[in-house]
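Comments concern the structure below.
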Amino acid sequence: METRSQWGTRAGFILAAVGSAVGLGNIWRFPATAYENGGGAFLIPYLFALLTAGIPILIMEFTMGHKYRGSAPLTFKRIHKKSEFVGWWAVLVSFVISTYYAVIIAWAMSYSVFSFNLNWGEDTASFLIGDYLNRTVDPGQVGSFVPGVLIPLIIVWVLVLGILFKGVKKGIEIANRIFIPALLIIFLIIVIRAVTLPGAVDGLEAFFKPDFSKILEPGVWVAAYGQIFFSLSIAFAIMITYSSYLPKKSDITNNAFITGFGNSSFELLAGIGVFGILGFMAAQSGVPVDKVVDGGVGLAFIVFPQIINQFPAFNELFGFLFFASLVLAGLTSLMSITETYVAGLVDKFKISRTKAVLFGGGLAAIISLLFATQGGLFFLDAADYFINQFGVALLGLVEVVLIAWVFRKLKEFQTHANEISDIRLGSWWTISVGFITPIVLGYMMFGLLKQNIMKEFDTDTGNYEGYQDAFIMWGGWAVAIGALVIGVIMAMTKWKATSASSEMEQKKEAK
C-alpha cells in the first residue's frame, strides 16, 4: 500500500503554510492597497474579508487535502471524476507563476548584493530598466540574455529544487524552520529602524489615518477580498497539497486560523515598515506622503533604493536586510508553488519524487529563462496580470461553486473538520463559503472581464499598459487560457499504477 509523505510536526506544517502565504505581495502590495482604500478604515473590510473568505476557504482547502490525501488533481478526482481538470488547472496556474516568480527573487538577490556599494546610484529607475534589466527591446521581442539576471536565477532554482529533492519533512519543513524565523527577525529589525527615522510618524499617520467614507464604496470591499484572496495562496493548489501531508489527527480549523492571522499580522507589520520609510522619504524630499506612495516592483526596486540612498547611517546594511527579506519571502512561496506540480506528477504518473522534481521543476526553470532576457520584463508583466486575474481569481470562483453548489460537499467537509478540530464549524462557515465568497468573487470577475474585454473595442482606454493587441493576445490571454486547456488535457490522460520503486521511495520519505 502506498504511504504518503508527512510533516514531521504540526509547527512544521504551520510554518510551511505561513511561508507560502507570506510572499512578495505582502511587502509591496498590501501597504499601497490599504493606503489607497481608506487607510486605517480599510482594516474593517480587510478583517471582514479574512473572516468570511480567507480563513473559510483555507479551512475548506485544508479539509479537502486532509480528507482525500492527495495533490490538487487527485483530490478533485476523488471528489468527482469529472472535476479532476480543476486540480490540474490550479497546478498549471502555479506552474506559470513559478516561472516568473523565480525571476523576481533573482532581482532581489542581485539587489541585496548591490546594496553593499549602493550600485544603483541616484537614478534608480534608469538603473533598474537600463543598467540592470537592459531593456532595449519592444514588448513581444526577446532580445539576448541578461547575465545579471540569469546567474541569480540559476541560483534560485538550484536552491529551491535542491530543497524539494529532499522531500516534505527533510526538505520543505527544515527550510521553512530556518527561513521563516530569519525573515521575521530581519523584518522586525527593518520595522524598528523604519519607525525611528525622521518623518516616520507622518508616514504612519498617513497609513493608519482612517477615511471612513471609503468603506461605503464597493470597490474598497472588492480590494479587501482581492488582497486576502491573493495573499493567502488560495486556489493555487498549494494548501490542498500541503494539507495532504498532515497526519490523520490534525486540528484543521485551528491551523487555518493560525495561518490566516499569521499572514495578516505580517502584512500589517509590512505596512508599518513601508510607511515609516515612505514618511522619511517624504520628509527628506519636502513633499506630502501621498507623493511618494507606490506599490509593486516600483516600490521595491525603484523607490526603496532611493530611500536607502538617503539613510543617515547604515544604509548599506539596511538595503541588504530589506532585499534579503524579499529573497526569503520569495523562496518560501516558490517552494510551495513548485511543490504543487511535483506532487501532481507523483500522484498521476506514479513516478519517483526525484523524477517529478527534475521534470516539473526543470521545465519551469527552462521556461523562466525567457524572463531573464532583455524583453523579460514585458513578458513578466503581461503573464503576471492575466494569470492572476483570469487564472487565480476565476479558479477560486469555480472551486467554491463546485464544492458548495454542484457537489454539495460543505456539510461533509464540516463534519470531517469538526471531528478532529478544537474550533467547531457552524453556519458562519457554510454561509461564508456557500454564499458570501461566490458572490464577491463573481462580482470581481464580472468587473475584470468587463474592464479587459471592453478595452478590445474601446480605442480611448486601450489594452492593459497600452500593449499592442498581438502581444496582449499571446503574452497575456494565451497564458491564462493555456493553463486551463493544458489542465483539461492532463485530466484526460490515464492514471498510472504504482511502481515498486516509487512506492519504496515514498515510504522512505514518509519515515
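For reference, positions follow the sequence shown, starting with 1. Fair warning: this is a prediction, and the values are worked out from it, not measured in the lab.
By the 30° and 60° cut-offs, the orientation of the rings of Tyr245 relative to Trp7 is perpendicular. Ring pair Phe322/Phe318 is parallel by interplanar angle, where below 30° counts as parallel and above 60° as perpendicular.
Considering CD1 of Ile277 and CD of Gln310, their distance stands at 12.0 Å, rounded to 0.5 Å. To the nearest 0.5 angstrom, Arg424 atom CZ is 8.5 Å from Thr415 atom OG1. Atoms OG1 and CD1, from Thr332 and Ile180 in turn, are 4.5 Å apart once rounded to the nearest 0.5 Å. With rounding to the nearest 0.5 angstrom, the CG atom of Leu299 is 13.5 Å from the CZ atom of Arg29. Separating the CG atom in Leu328 from the CZ atom in Phe187 is a distance of 11.5 Å, to the nearest 0.5 Å. The line from OG of Ser83 to CD of Glu399 is 10.0 Å long, rounded to the nearest 0.5 Å.
Closest heavy-atom contact between Ala237 and Ala72: CB-CB, 3.5 Å. For the pair Ala282 and Val292, the tightest heavy-atom approach, listed with the atom from each and the gap, is CB-CG2, 4.1 Å. When all heavy atoms of Glu267 and Ser231 are compared, the pair lying nearest together is OE2-CB, 3.2 Å. Scanning both residues, Ser432 and Pro56, for their nearest heavy atoms gives CB-CG, 3.8 Å. For Phe42 against Val220, the heavy-atom pair with the smallest separation is CE1-O, 3.8 Å. In plain terms, the two heavy atoms of Gly54 and Ile234 that are nearest each other are O-CD1, 3.8 Å.
Side chains of Leu278 and Val303 form a contact here, defined as non-hydrogen atoms less than 4.5 Å apart. Considering only heavy atoms from C-beta on, Ser333 stays 4.5 Å or farther from Val22 through its side chain. Residues Thr340 and Phe95 have side chains not in contact (no heavy-atom distance under 4.5 Å, counting atoms from C-beta outward). Contact of the Leu331 side chain with the Val156 side chain is registered, since non-hydrogen atoms from C-beta on lie closer than 4.5 Å. Residues Thr124 and Leu128 are not in side-chain contact: their nearest non-hydrogen atoms beyond the backbone lie 4.5 Å or more apart. A 4.5 Å side-chain heavy-atom check between Ile215 and Phe48 finds every atom pair outside the cut-off. Within the 4.5 Å cutoff, side-chain heavy atoms of Phe301 are placed close to those of Ile104. Two residues are said to be in side-chain contact when any heavy atoms from C-beta on lie closer than 4.5 Å; Arg10 and Asn254 meet this criterion.
Remark: the backbone N or O of Leu425 is paired with a side-chain donor or acceptor of Asn418 at under 3.5 angstrom. Between the side chain of Asp381 and the backbone N or O of Leu377 there is no donor-acceptor pair closer than 3.5 Å. The main-chain N or O of Ile172 is found under 3.5 Å from a side-chain atom of Asn176 such that the two form a donor-acceptor pair. Although no hydrogens or angles enter the test, the distance criterion places no donor-acceptor pair under 3.5 Å between the side chain of Ser94 and the main chain of Thr338. Using a distance-only test at 3.5 Å, with no hydrogens or angles considered, no donor-acceptor pair links the side chain of Ser20 to the main chain of Ala16. For Trp405 (side chain) and Gly434 (main-chain N/O), a donor-acceptor pair under 3.5 Å exists by modelled atom type. Distance alone, capped at 3.5 Å, places no donor-acceptor pair between the Thr241 side chain and the Ser71 backbone.
Tyr242 and Ser233 share no donor-acceptor pair across their side chains, judged by distance under 3.5 Å alone. Inspection of the Ser368 and Tyr101 side chains reveals no N or O donor paired with an N or O acceptor under 3.5 Å. A donor-acceptor pair shorter than 3.5 Å cannot be found between the side chains of Tyr46 and Thr33.
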**Request:** Carefully, step by step, assess Phe207 and Val274 under the rule side-chain contact (heavy atoms from CB on, under 4.5 Å).
**Result:** CA-CA 9 Å; Phe207 179 59; Val274 167; over 6 Å; no
**Request:** Show your reasoning for whether side-chain contact (heavy atoms from CB on, under 4.5 Å) applies to Ser325 and Ile27.
**Result:** CA-CA 9 Å; Ser325 72; Ile27 298 171; 4.3 Å; yes
**Message:** Could you walk me through whether Val433 and Ile403 satisfy the side-chain contact (heavy atoms from CB on, under 4.5 Å) test, starting with their C-alpha distance in whole Å, then the side-chain angles of each, then the deciding distance to 0.1 Å, before giving a yes or no?
**Reply:** CA-CA 9 Å; Val433 178; Ile403 297 299; 5.7 Å; no
**Request:** Test side-chain contact (heavy atoms from CB on, under 4.5 Å) on Ile238 and Ile337 and set out the steps.
**Result:** CA-CA 6 Å; Ile238 295 170; Ile337 295 169; 3.8 Å; yes
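Taking the six-membered ring where the residue is Trp, the centroids of Trp429 and Phe413 are separated by 6.0 Å or more. If you look at Phe62 and Phe13, their ring centroids are closer than 6.0 Å. Remark: aromatic rings of Trp474 and Phe379 are close, center separation under 6.0 Å. Outside the 6.0 Å centre-distance limit, the rings of Tyr68 and Phe76 are not counted as a close aromatic pair.
Environment of OH in Tyr443: sparse, with no more than 12 heavy atoms of neighbouring residues, nucleotides or ligands closer than 6.0 Å.
Checked against Leu441 for a side chain to side chain contact (heavy atoms under 4.5 Å, CB included), the options Phe446, Phe229, Tyr225 give a single hit: Phe229. A ring pair (Phe, Tyr, Trp, His ring centres under 6.0 Å) with Trp120 holds for exactly one of Tyr111, Trp107, Phe127; it is Tyr111.
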